[in-house]
Amino acid sequence: MNLEEQIRFYCPNFPSEKLKVSRLDQIDFKNMERGVLFIFATWSGSSVVSFKLLCDALMSAGERTSFPLYVVDIDEINSESFKQNWSHSLNGNGETMWIKGGTLVAFDIGYTDKRDRVLQNSDMLRERIALLKSP
């Protein structure tokens, strides 16, 4: 299964026009009004679980059509360049960038704890969604 097939498998009900598998260098952050960028590591259980949790949160919040969800393969990212540009490291935990008005407004290091257990508190995802929805 290639990356796009995996993404569709893990997030089957998300509208295809809003779910975009892309390369990091092809995303125009400066002109993005609102959007979520998920950095997917196919080899990481934390990343897979975090992606499913993000999709579920967006779907249950009724946000599936409000803003795009970009998915980028971590293996296609130069980690040193990423750290220089965004001041964050990538570890394959399902890092998620929340963009509003062309600016990074939040950076999450996945949605599971270090032992790959799902975080019990989903308030963070609700807060992030509310942040993007706010004027």
Side-chain angles (χ1 to χ4, degrees):
M1 212 179 328
N2 67 30
L3 178 63
E4 188 158 355
E5 291 169 335
Q6 287 181 7
I7 297 307
R8 301 280 177 216
F9 178 78
Y10 295 129
C11 197
N13 297 320
F14 208 86
S16 58
E17 70 275 5
K18 294 290 182 179
L19 183 57
K20 304 171 187 293
V21 177
S22 185
R23 292 179 44 91
L24 190 63
D25 60 359
Q26 295 174 336
I27 301 171
D28 184 8
F29 292 100
K30 291 181 182 178
N31 292 313
M32 187 182 298
E33 186 176 330
R34 289 176 171 82
V36 179
L37 172 78
F38 186 88
I39 300 172
F40 196 85
T42 58
W43 41 263
S44 167
S46 292
S47 180
V48 171
V49 171
S50 292
F51 183 70
K52 289 178 182 180
L53 290 170
L54 175 62
C55 286
D56 289 348
L58 291 171
M59 295 293 287
S60 68
E63 299 309 313
R64 62 184 189 166
T65 58
S66 295
F67 40 81
L69 171 57
Y70 294 90
V71 181
V72 174
D73 185 348
I74 194 171
D75 294 329
E76 294 184 7
I77 298 174
N78 178 309
S79 58
E80 292 300 318
S81 175
F82 185 90
K83 187 171 185 175
Q84 286 179 340
N85 290 328
W86 298 100
S87 302
H88 293 281
S89 297
L90 298 176
N91 298 302
N93 293 316
E95 291 83 1
T96 308
M97 300 168 65
W98 299 80
I99 309 294
K100 184 175 180 183
T103 303
L104 177 66
V105 293
F107 186 92
D108 297 332
I109 304 172
Y111 304 109
T112 63
D113 71 11
K114 292 181 181 178
R115 293 171 302 277
D116 284 347
R117 291 185 307 188
V118 175
L119 294 176
Q120 298 302 312
N121 187 347
S122 60
D123 288 342
M124 181 191 324
L125 282 168
R126 283 193 294 273
E127 288 173 14
R128 299 294 192 239
I129 291 167
L131 177 65
L132 287 193
K133 286 179 62 178
S134 68

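Residue-environment remark: CG (Leu90) exceeds the threshold of 12 foreign heavy atoms within 6.0 Å.
Lys20 contributes no side-chain N or O that, together with a main-chain N or O of Ile27, makes up a donor-acceptor pair within less than 3.5 Å. With hydrogens and angles ignored, the 3.5 Å screen pairs a side-chain donor or acceptor of Glu95 with a backbone N or O of Asn91.
Criterion: ILVMFWY side-chain heavy atoms under 4.5 Å apart, direct or through other members. Under it, Leu19 and Phe29 are not part of a common hydrophobic cluster. Both Phe9 and Val71 are members of a single hydrophobic cluster when ILVMFWY side chains are connected at heavy-atom separations under 4.5 Å. Hydrophobic clustering, with ILVMFWY side chains joined whenever heavy atoms are under 4.5 angstrom apart, keeps Ile109 apart from Val49. Placement of Phe107 and Leu131 in two distinct hydrophobic clusters is found when ILVMFWY residues are connected by side-chain heavy-atom separations under 4.5 Å, directly or transitively. Hydrophobic clustering of Ile, Leu, Val, Met, Phe, Trp and Tyr side chains at less than 4.5 Å, counting indirect connections, unites Met32 with Trp86.
The CZ atom of Arg8 lies 10.5 Å from the CG atom of Asn2; values are rounded to the nearest 0.5 Å. For the atom pair CD of Glu4 and OG of Ser22, the computed distance is 10.5 Å after rounding to the nearest 0.5 Å. In this structure, NZ in Lys100 is found 10.0 Å from CZ in Phe67, a value given to the nearest 0.5 Å. Annotation: the span from Thr42 atom OG1 to Ile74 atom CD1 amounts to 9.5 Å, rounded to 0.5 Å. For the atom pair CG of Asp108 and CD of Glu127, the computed distance is 10.0 Å after rounding to the nearest 0.5 Å. Here Ile39 contributes atom CD1 and Ile77 contributes atom CD1; the two are 4.5 Å apart, rounded to the nearest 0.5 Å.
Between Ile129 and Ala57, the closest heavy-atom pair is CD1-O, 3.7 Å. Arg23 approaches Val72 most closely through the heavy-atom pair C-CG2, 4.2 Å. Here the closest non-hydrogen pair linking Gly92 and Ala41 is CA-CB, 3.9 Å.
Applying the salt bridge (Lys or Arg N to Asp or Glu O under 4.0 Å) rule to Arg34 yields no partners; only residues at least two apart in sequence or on another chain are considered. In this structure Asp28 satisfies the salt bridge (Lys or Arg N to Asp or Glu O under 4.0 Å) test with no other residue, sequence neighbours excluded. Here Ser50 pairs with Phe38, Tyr111, Thr112 under the side chain to side chain contact (heavy atoms under 4.5 Å, CB included) rule; sequence neighbours left out.
Counting heavy atoms from C-beta outward, Phe82 and His88 have side chains that approach closer than 4.5 Å. The closest side-chain heavy-atom distance from Leu69 to Cys55 is below 4.5 Å. Counting heavy atoms from C-beta on, the side chains of Asn78 and Leu24 never come closer than 4.5 Å. Inter-residue side-chain proximity for Phe40 and Phe51 is flagged as met; some heavy-atom pair is nearer than 4.5 Å. A 4.5 Å side-chain heavy-atom check between Val105 and Leu132 finds at least one atom pair inside the cut-off. Looking at Leu104 and Ile99, their side chains come closer than 4.5 Å, going by heavy atoms from C-beta outward.
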One pair to check against side chain to side chain contact (heavy atoms under 4.5 Å, CB included): Ile7 and Phe14. What are the steps and the verdict? CA-CA 10 Å; Ile7 297 307; Phe14 208 86; over 6 Å; no
